[in-house]
Amino acid sequence: MPVVSYINAITMAMREEMERDSKVFVLGEDVGKKGGVFKATQGLYDQFGEARVIDTPLAESAIAGVGIGAAMYGMRPIAEMQFADFIMPAVNQIISEAARIRYRSNNDWNCPIVIRAPYGGGIHGALYHSQSVEAVFANQPGLKIVMPSTPYDAKGLLKAAIRDDDPVLFFEHKRAYRLIKGEVPDGDYVLPIGRADVKRKGEDITVITYGLCVHFALQAAERLAKDGIETEVLDLRTVYPLDKEAVCEAVKKTGKVLLITEDNKEGSIMSEVSAIIAEHCLFDLDAPIKRLAGPDVPAMPYSPTMEKFFMVNPDKVEKAMRELAEF
Amino acid sequence: MPVVSYINAITMAMREEMERDSKVFVLGEDVGKKGGVFKATQGLYDQFGEARVIDTPLAESAIAGVGIGAAMYGMRPIAEMQFADFIMPAVNQIISEAARIRYRSNNDWNCPIVIRAPYGGGIHGALYHSQSVEAVFANQPGLKIVMPSTPYDAKGLLKAAIRDDDPVLFFEHKRAYRLIKGEVPDGDYVLPIGRADVKRKGEDITVITYGLCVHFALQAAERLAKDGIETEVLDLRTVYPLDKEAVCEAVKKTGKVLLITEDNKEGSIMSEVSAIIAEHCLFDLDAPIKRLAGPDVPAMPYSPTMEKFFMVNPDKVEKAMRELAEF
Amino acid sequence: MTENRHKSIGLSDETAVEMYKTMLLARRLDERMWLLNRSGQIPFVISCQGQEAAQVGAAFALDRSKDYVLPYYRDMGVVLSFGMTAADIMLSGFAKAEDPNSGGRQMPGHFGQKKNRIVTGSSPVTTQVPHAVGIALAGKMEKKDLVTFVTFGEGSSNQGDFHEGANFAGVHKLPVIFMCENNKYAISVPVEKQLACEKVSDRAQGYGMPGFTINGNDPIEVYKYVKEAAERARRGEGPTLIETITYRLTAHSSDDDDRAYRSREEVEQAKSNDPILTFKAYLKDTGAMDEKMEKAIDAEITRQVDEATEYAESAPYAKPEDALTHVYAEEQ
Amino acid sequence: MTENRHKSIGLSDETAVEMYKTMLLARRLDERMWLLNRSGQIPFVISCQGQEAAQVGAAFALDRSKDYVLPYYRDMGVVLSFGMTAADIMLSGFAKAEDPNSGGRQMPGHFGQKKNRIVTGSSPVTTQVPHAVGIALAGKMEKKDLVTFVTFGEGSSNQGDFHEGANFAGVHKLPVIFMCENNKYAISVPVEKQLACEKVSDRAQGYGMPGFTINGNDPIEVYKYVKEAAERARRGEGPTLIETITYRLTAHSSDDDDRAYRSREEVEQAKSNDPILTFKAYLKDTGAMDEKMEKAIDAEITRQVDEATEYAESAPYAKPEDALTHVYAEEQ
Ligand SMILES: Cc1ncc(C[n+]2csc(CCOP(=O)(O)OP(=O)(O)O)c2C)c(N)n1
Ligand SMILES: Cc1ncc(C[n+]2csc(CCOP(=O)(O)OP(=O)(O)O)c2C)c(N)n1
Ligand SMILES: [Mg+2]
Ligand SMILES: [Mg+2]
């Protein structure tokens with residue numbers, strides 16, 4: 001299987017879906033001629049033309065809202081938010097509209113839109129180019145939120161998102177774009193939205209996480225393995241609605257669980273994961289449910305000293321895993 | 001002490017603060033001549049004039065954004081969102097701006113704005129006039145979110161919010177407005193933001209909740225008391241950032257905890273409360289951490305049958321409490 | 001005799017009377033809803049009263065077999081023109097399971113019916129504006145000859161979504177008709193405190209489209225302007241902004257008391273221009289409708305409203321646990 | 001000899017030269033930042049190059065002792081005019097603790113300095129527009145004679161916040177100057193794909209305010225229009241929208257490669273109208289500046305930039321755990 005980068009897997013998914021279904025189109029800021037500020041849509045403008053790869057005016061609520069309209073008509077828009085941080089002007093369209101269209105119309109209308117956005121830190125992006133924004137949306141039934149960690153998952157899940165009959169927020173870790181490479185089949189495949197995936201098997205401790213932190217956890221797990229500690233790593237992949245069964249299964253296996261997110265701690269995806277465990281498999285626990293997360297400050301600062309302090313990294317993960325193992 | 005309604009306590013707080021400090025002013029849709037669609041600002045326009053009680057154009061991002069500008073200048077704006085559901089167009093101003101102004105300017109600027117909004121269901125308000133929206137904001141350091149349950153708390157906390165040097169979201173349960181009455185001192189007092197409050201003492205089970213559900217819990221607690229089951233009821237009052245100590249204390253007292261919110265279950269404030277417990281006082285638990293909440297559907301439907309099905313009520317609370325007590 | 005203005009723009013007497021019937025049906029349904037509300041039978045009403053001419057005049061100017069409408073909450077005249085029935089409206093008023101708009105999930109006035117291309121709407125104002133642009137874009141991509149028609153109040157034209165949607169449509173020259181129903185108030189806030197411009201149509205040039213301010217009490221004038229806009233749109237010449245000047249004859253909704261913010265004289269004055277009355281007089285003056293027809297129409301509409309009310313009243317509510325359905329597509 | 005246009009609008013030779021100095025300082029600091037970026041010493045630059053005339057012309061027309069500015073990321077010319085120093089700018093470029101804008105928390109170009117009434121800004125575009133309106137409202141409530149000045153790109157004028165803020169200012173006749181720096185691109189998107197109107201100033205009438213489109217390469221013209229707008233504002237006559245036509249001489253930022261979307265000829269052509277060059281020529285033609293002064297200014301600015309760079313380079317970073325401070329006010 002060819003080895004491709006995370007961002008190329010995303011481009012591949014879009015290209016293949018656009019070839020497959022003429023109703024799929026892309027819209028967003030700089031997605032056309034420039035191919036996106038990260039180059040996620042590179043080549044699509046040349047291949048599909050400006051009618052299907054639309055450079056929109058600089059207005060996120062319109063990008064989402066126009067996409068939603070097209071989706072209600074029956075198209076399959078892929079809207080790009082240039083940075084996840086800039087999804088905020090579109091929150092009304094996403095929460096009040098996209099998420100509620102099927103429900104409020106009693107299944108008469110639906111809204112098959114995908115909204116893609118690069119998120120995450122560690123790239124000197126400072127407060128407004130580093131944020132994790134999933135928690136803002138992770139309380140809105142009607143939405144699905146997908147956050148893949150590997151090129152393989154990214155391609156298969158983005159294809160599934162495009163074919164999904166409901167709105168999907170698809171957040172891509174911008175530091176993973178070129179850093180993370182992996183095997184990706186050339187042809188067509190889809191992966192199920194709503195299912196977590198065990199990325200490593202182990203019997204001693206369980207780590208539950210998603211996005212770039214999956215790789216930090218896998219790296220740390222290698223280090224622990226040298227000392228005979230075996231880690232189960234569960235990659236949530238879909239962070240809303242959560243895969244409760246997979247969470248409980250992963251917890252039951254080891255009884256010791258560490259939850260990791262690069263988002264601020266209070267009110268993150270990991271709060272819900274913890275609540276699921278405490279509700280459904282409390283008596284399987286041998287240790288308190290630890291969370292490793294960003295500090296509760298608004299967002300990542302720019303200066304290298306403070307950015308590093310904020311960001312989760314393999315060393316921080318390793319430390320927390322060892323503490324848990326020794327509990 | 002005079003007995004006043006929840007909404008009158010809110011009006012009193014605004015009036016007293018406007019009398020006390022000429023920098024305090026009110027802005028929002030219909031807050032002037034009409035005195036607000038719920039009459040929360042009634043009388044203020046006559047007393048303070050249209051320069052300090054401003055009927056704004058119908059544009060929530062501007063209401064928030066103009067308020068934020070005035071607050072940065074040094075005023076103390078109280079911005080009203082007509083319904084919490086309509087805060088969504090202002091999310092960018094609230095999250096990207098208000099919450100981050102102090103942090104991003106390294107303490108050079110700050111933003112003492114209060115944003116008030118009526119939330120909550122049970123008033124035939126259907127999808128868009130019934131929602132709980134706190135979870136959207138409860139992951140944003142820099143913000144505080146206050147949700148009082150009683151007239152006494154409402155007045156003292158709103159005054160504290162107005163005097164607070166940072167942005168405060170102040171959500172008022174619209175069904176509590178006229179339903180809930182209580183003793184409220186005439187004069188000046190403030191209550192601490194960030195502190196939960198024990199609304200009833202008990203040794204058998206603990207209920208943690210906020211807003212209108214506090215009253216449901218107190219009613220149910222009375223019923224259980226008849227059968228000798230004593231309930232500790234902790235009213236969070238500030239739902240972000242949470243009062244961790246009070247939560248742990250309330251849990252330790254009984255070892256059995258029920259978390260109640262009228263919001264959808266997944267990703268609610270109660271997820272974080274559960275995570276705090278599972279992280280800090282897991283070994284004090286004698287039962288799984290149960291959550292009673294709205295179902296995970298976009299929002300409350302209009303028809304009485306479905307609305308009732310969605311809403312938490314004293315009977316549902318009682319049932320959940322009895323199950324917990326018997327665990 | 002009054003000048004016959006409808007013939008001169010190609011409207012037959014029959015169509016003109018059809019428009020009148022639709023306006024009157026909207027009015028009578030609305031009035032009945034208020035009665036039901038005041039007698040405690042339905043929790044909420046929000047009215048079209050005073051705006052029927054603008055709504056019906058516009059809707060009749062569209063191609064009702066293929067165009068898409070994105071009405072706002074007052075647009076009963078639009079949705080009746082596009083195929084919604086009296087019973088549909090009443091089912092929504094009573095929040096019954098059979099309500100085609102939402103199965104009783106949304107308040108009345110939150111229209112939506114896919115088979116008639118009435119696009120589902122919500123409560124937050126103006127969100128439908130970008131949707132109309134998106135549907136027009138989709139129609140263009142799919143090479144369909146369709147126009148989208150979207151309405152909103154003058155207060156709502158201050159929302160960011162109006163600006164962003166209108167500009168998008170202008171840049172892409174999309175077949176969208178933006179129609180503002182300016183009824184002078186946004187709940188209690190009068191237009192002077194709402195709009196910095198004199199006319200909402202002053203905003204059109206900021207989006208590179210033509211803008212018109214017209215008499216919303218005259219269905220013929222509205223028909224004419226919307227027809228022209230639709231033709232421009234179909235020719236690929238892009239969007240149009242039309243502002244119809246109307247007046248809201250009722251309180252904002254059943255929860256509002258408008259005496260706090262506007263004088264009775266002002267309301268009475270507006271009632272003398274009630275489009276139902278003036279259009280009826282016009283049709284009679286031009287001979288399009290006689291006394292007998294008028295009576296028959298009146299009786300027929302009363303019957304429709306009665307039947308619809310009875311039907312809806314006795315229809316069942318959704319089951320409580322139906323609240324759980326249709327969050328996502330059902331798994332196949 | 002060239003017509004002396006600055007005298008005729010009340011600008012002394014000294015002030016005109018002062019403006020030139022400020023423009024040149026902005027340019028040289030910007031150029032240095034690119035060098036530092038390309039040599040790997042700072043992670044990011046976003047440029048003022050090509051827009052200095054608009055920025056400095058406007059800032060000098062304000063009352064720099066009491067007005068408030070809400071600059072966008074390119075406005076180095078504005079903030080230097082309002083009292084920010086070369087060292088301040090460099091401290092921000094290097095993300096050092098002493099950076100007055102943010103203590104190294106924000107990227108360069110995110111200006112803010114309370115003592116100089118430079119209001120803190122963020123990355124999401126156009127959010128500053130309603131803030132400017134709010135400060136003007138506060139100033140009016142407090143009976144202060146202040147004007148607020150807010151800038152944004154032409155792409156950013158499509159955001160809802162522009163519309164909502166401008167309308168609010170228009171309704172309340174607030175002393176706000178909205179200045180659009182139209183540099184023809186929003187990253188890669190050219191103005192034709194961005195704006196449905198011909199001129200951004202076409203939008204002014206939708207907010208009941210005067211609108212002007214002027215030559216942003218000419219600091220004297222910009223000064224004149226902004227001065228008049230400020231006078232109108234102080235007289236209580238409300239806001240003004242001014243569009244300055246400029247060109248972005250660099251790529252969008254150090255992360256962008258503009259060759260993908262615009263031709264080198266177009267850029268070269270724009271460089272021949274570089275406002276630094278044309279204004280220098282004008283000052284020399286009118287006799288306001290001679291060869292000797294020019295040399296001295298050049299040398300002085302090079303010195304300032306060198307010193308600022310050295311100072312900032314050797315200044316300390318914030319401590320890692322400083323990331324935890326200033327989320328909320330400190331408890332007393
Ligand atoms: C985003 C949003 N904010 C506030 C409201 C509450 N609200 C409902 S209708 C209305 C006034 C609308 O006025 P206008 O646009 O003029 O329409 P009209 O009701 O006069 O027809 C308001 C403020 C809302 N529905 N949505
Ligand atoms: C809300 C938001 N969306 C997207 C971006 C990313 N972005 C930064 S600058 C820019 C282009 C701005 O263009 P314009 O307003 O014309 O200003 P210019 O850079 O040309 O001076 C974009 C899309 C952003 N900062 N904020
Ligand atoms: Mg109106
Ligand atoms: Mg530009």
Side-chain angles (χ1 to χ4, degrees), chain C residues 124-127 129-130 133 136-137 152-176 178 180 182 186 189-213 233 237-241 243, chain D residues 124-127 129-130 133 136-137 152-176 178 180 182 186 189-213 233 237-241 243:
Chain C
V125 300
T126 329
T127 48
V129 169
V133 179
L137 178 70
F152 44 87
E154 80 292 347
S156 303
S157 81
N158 290 321
Q159 287 281 343
D161 270 3
F162 165 77
H163 178 72
E164 299 191 6
N167 183 60
F168 196 113
V171 167
H172 289 272
K173 287 220 165 287
L174 297 175
V176 187
F178 300 90
C180 177
N182 181 348
V189 182
V191 68
E192 319 82 71
K193 288 203 172 174
Q194 193 65 248
L195 294 172
C197 46
E198 253 178 71
K199 305 192 254 74
V200 173
S201 65
D202 287 344
R203 295 185 167 164
Q205 99 171 22
Y207 313 115
M209 64 178 85
F212 304 99
T213 295
E237 293 168 21
T240 303
L241 174 60
E243 175 186 22
Chain D
V125 299
T126 329
T127 50
V129 169
V133 179
L137 177 71
F152 45 88
E154 80 292 347
S156 303
S157 81
N158 289 322
Q159 287 281 342
D161 270 3
F162 165 76
H163 177 71
E164 299 192 7
N167 183 59
F168 196 114
V171 167
H172 289 272
K173 287 221 164 288
L174 297 175
V176 188
F178 300 89
C180 177
N182 181 347
V189 182
V191 69
E192 321 81 70
K193 289 203 172 174
Q194 194 64 248
L195 293 172
C197 46
E198 251 179 72
K199 305 192 252 72
V200 173
S201 66
D202 287 343
R203 294 185 168 165
Q205 94 171 25
Y207 314 115
M209 63 178 86
F212 304 98
T213 295
E237 294 168 23
T240 304
L241 173 61
E243 174 186 21

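Residue numbering restarts at 1 for every chain, and letters A, B, ... go by the order of the sequence lines.
- Of the inter-residue distances, the one linking D:L195 atom CG with D:E154 atom CD reads 6.5 Å to the nearest 0.5 angstrom.
- A distance-only check finds a donor-acceptor pair linking the side chain of D:H163 to the backbone of C:S157 [under 3.5 Å].
- By the ring pair (Phe, Tyr, Trp, His ring centres under 6.0 Å) test, C:F152 pairs with C:F162, sequence neighbours left out.
- If you measure heavy-atom distances from C:E198 to chain D, you find no contacts under 4.5 Å at all.
- Heavy-atom distances place both the backbone and the side chain of C:Q159 under 4.5 Å from chain D.
- Of all heavy-atom pairs spanning D:V129 and D:D161, the tightest one is CG1-O, 3.7 Å.
- Across C:E192, C:H172, C:Q194, the residue that shares the most heavy-atom pairs under 4.5 angstrom with chain D is C:Q194.
- Under the rule for a side chain to side chain contact (heavy atoms under 4.5 Å, CB included), the partners of C:S201 that lie at least two apart in sequence or sit in another chain are C:K199, C:T213, C:E243.
- Taking chain D as the reference chain and counting heavy-atom pairs below 4.5 Å, the highest number among C:P239, C:C197, C:G238 is found for C:C197.
- For the options D:A204, D:G165, D:A196, heavy-atom pairs under 4.5 Å to chain C are most numerous at D:A196.
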